[in-house]
Amino acid sequence: MTRRDQRQRLLDTALAYAEGGWPVFPLRPGAKRPAAPNHTAATCDGSDRFCADGHSGWERRATTDADRITTAWRHRPYGIAIATGPAGLLVVDLDPAKDDEPSGAQTLAELEERNGQHLPPTWTVATPRGGRHLYYRCPAVTRLGNTCGRLGPGIDTRAVGGYVVAPPTVTTGPDGGEYWLVDDHPPADLPHWFSQLLTTPRRRVQTTGRRKGGPSPSIPQTDRVRRYVARAVAGEQLRITTAPTGQRNHSLFCASVALGQLVGADILDLADAEHQLLTAAQAHVLVGAYSQSQARATILSGLRRGTSEPRELPASLMPGAA
């Protein structure tokens with residue numbers, strides 16, 4: 001396919017999404033990062049025409065206007081992003097299995113069995129790494145935001161304040177590839193039972209006790225546990241450093257929640273988790289995405305959330321596992 005054909009295919013699809021009521025915006029070719037704006041709120045000087053009345057990020061720039069979409073995709077094969085909040089969507093993001101964690105699909109199957117109900121067939125997109133995006137219509141009376149790991153390993157959700165990469169976008173890099181449609185059922189209504197999982201306050205657990213000065217006596221710090229923690233920390237640091245514009249603070253929060261869950265499980269020291277997260281955030285601090293104090297506040301908030309919801313560890317890490 002020529003570059004011109006590729007650009008036309010992306011434009012035609014972006015227009016089709018917009019005609020269906022889904023606001024879209026362009027992604028940098030080959031990346032999951034918004035093509036605009038090329039500045040942060042902290043560095044906005046008002047010279048961008050979309051920022052004449054104040055900084056305008058990717059969500060405010062998402063549009064269903066055919067002329068604006070045609071103009072945006074006229075010269076380059078931009079990828080397509082759908083702004084889930086303005087589109088009235090909640091997208092369930094199911095990741096493939098990672099290390100000793102189950103896949104998002106496995107976690108979802110357990111949730112469905114536990115609740116005695118299933119998510120209905122819906123518009124479904126396959127991601128390059130073997131995951132799935134399940135598109136559902138949000139209930140009008142409930143304002144749902146983004147979540148990361150709240151429902152269990154391998155499941156994130158995108159709604160208000162989030163976006164998803166849409167077919168036929170192709171990304172590059174180690175995890176790159178094409179996003180493609182695998183189920184063209186019209187987006188179904190998000191079931192009430194699933195919405196409740198996202199809105200019902202989770203049971204808070206006591207998190208006082210060991211946070212510094214050695215391993216938990218219930219989970220010995222074996223080589224297997226140390227490798228598990230090291231992989232988890234490296235993965236969350238990568239999540240932070242590769243976060244696209246507009247998702248940096250959210251990615252920092254998600255990573256903080258994830259490591260906080262390991263702190264809550266007594267296999268990671270709280271101070272060490274905070275240090276590793278803050279170190280990974282420095283690149284974004286240096287470009288003004290957020291300040292050092294804002295990064296620390298986000299990290300502490302995420303760690304508090306995570307430690308109150310300790311991770312259920314794989315059986316292979318338990319004492320006596322083969």
Side-chain angles (χ1 to χ4, degrees), residues 1-41 43-44 47-52 55-89 91 93 123-129 131-133 135 146 158-182 184 187 239 241-251 284 287 289:
M1 181 182 295
T2 67
R3 183 182 176 89
R4 180 176 180 178
D5 290 341
Q6 182 186 18
R7 187 176 68 244
Q8 189 63 47
R9 180 187 180 205
L10 288 161
L11 170 59
D12 290 344
T13 308
L15 289 170
Y17 291 143
E19 187 176 354
W22 292 350
V24 299
F25 61 90
L27 299 172
R28 296 187 179 190
K32 295 189 285 187
R33 180 179 178 181
N38 59 4
H39 61 272
T40 66
T43 59
C44 182
S47 59
D48 186 317
R49 66 187 181 92
F50 287 102
C51 298
H55 180 67
S56 179
W58 55 263
E59 189 169 42
R60 288 181 59 189
R61 295 173 189 238
T63 183
T64 58
D65 184 277
D67 290 337
R68 283 181 56 191
I69 293 170
T70 300
T71 299
W73 268 269
R74 180 176 294 163
H75 302 295
R76 300 187 69 187
Y78 289 117
I80 304 170
I82 296 171
T84 46
L89 295 171
V91 175
D93 181 3
W123 182 276
T124 302
V125 171
T127 68
R129 294 193 300 126
R132 290 288 188 271
H133 289 169
Y135 289 49
N146 303 323
R158 297 287 179 267
V160 175
Y163 67 85
V164 288
V165 181
T169 300
V170 177
T171 57
T172 57
D175 296 328
E178 183 173 356
Y179 290 74
W180 72 98
L181 184 66
V182 293
D184 62 357
R239 185 208 293 257
T241 57
T242 59
T245 300
Q247 295 289 301
R248 290 165 171 169
N249 193 64
H250 175 70
S251 296
H284 299 314
V287 299

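Fair warning: this is a prediction, and the values are worked out from it, not measured in the lab.
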Going by heavy atoms in the side chains, are T63 and P23 under 4.5 Å from each other?
-> no
Minimum heavy-atom separation for P167 to I80, with atom names?
-> O-CD1, 4.0 Å
State the CZ-OG1 distance between R7 and T2, to the nearest 0.5 angstrom.
-> 8.5 Å
Verify, without hydrogens or angle tests, whether T171 (side chain) and G177 (backbone) share a donor-acceptor contact under 3.5 angstrom.
-> yes
Could you tell me whether the side chain of R60 and the main chain of F50 form a donor-acceptor pair under 3.5 Å?
-> no
When rounded to the nearest 0.5 angstrom, what distance separates CG in D65 from CG in L15?
-> 10.0 Å
Of the non-hydrogen atoms in L89 and Y135, which two are nearest, and what is the gap between them?
-> CD1-CD2, 3.8 Å
Is it the case that more than 12 heavy atoms not belonging to E19 sit under 6.0 Å from its CD atom?
-> no
The reported gap from CG in D12 to CH2 in W73 (rounded to nearest 0.5 angstrom) is 11.5 Å
Would you please classify the geometry between the Y17 ring and the W123 ring as parallel, tilted or perpendicular, with 30° and 60° separating the classes?
-> perpendicular
Heavy-atom pair with the smallest gap, counting every atom of R239 and S251 | CD-O, 3.5 Å
Euclidean distance, T71 OG1 relative to R74 CZ, rounded to 0.5 Å | 4.5 Å
In Å and rounded to the nearest 0.5 Å, what is the NZ to OG1 distance from K32 to T242?
-> 7.0 Å
In Å and rounded to the nearest 0.5 Å, what is the CD1 to CG distance from I69 to L11?
-> 8.0 Å
Smallest separation among heavy atoms of R61 and P37, with atom names = NH2-CB, 3.4 Å
Using modelled atom types only, decide if a donor and an acceptor are shared between the side chain of D93 and the backbone of R158 within a distance under 3.5 Å.
-> no
Decide yes or no on side chain to side chain contact (heavy atoms under 4.5 Å, CB included) for V287 and R248, but give the supporting numbers first.
-> CA-CA 12 Å; V287 299; R248 290 165 171 169; 3.9 Å; yes
Compare every heavy atom of E59 with every heavy atom of P86, then report the nearest pair and how far apart it is.
-> CD-OE2, 3.5 Å
side-chain contact (heavy atoms from CB on, under 4.5 Å) test vs T124 passes for just one of L181, V91, V182, D184, namely V182
Answer whether the closest heavy-atom distance between the side chains of Y179 and T127 falls below 4.5 Å.
-> yes
Verify, without hydrogens or angle tests, whether T84 (side chain) and A159 (backbone) share a donor-acceptor contact under 3.5 angstrom.
-> yes
Considering non-hydrogen atoms only, spot the tightest contact between P29 and R76 and give its length.
-> CG-NH2, 3.6 Å
4.5 Å side-chain heavy-atom contact, W58 and P244 = no
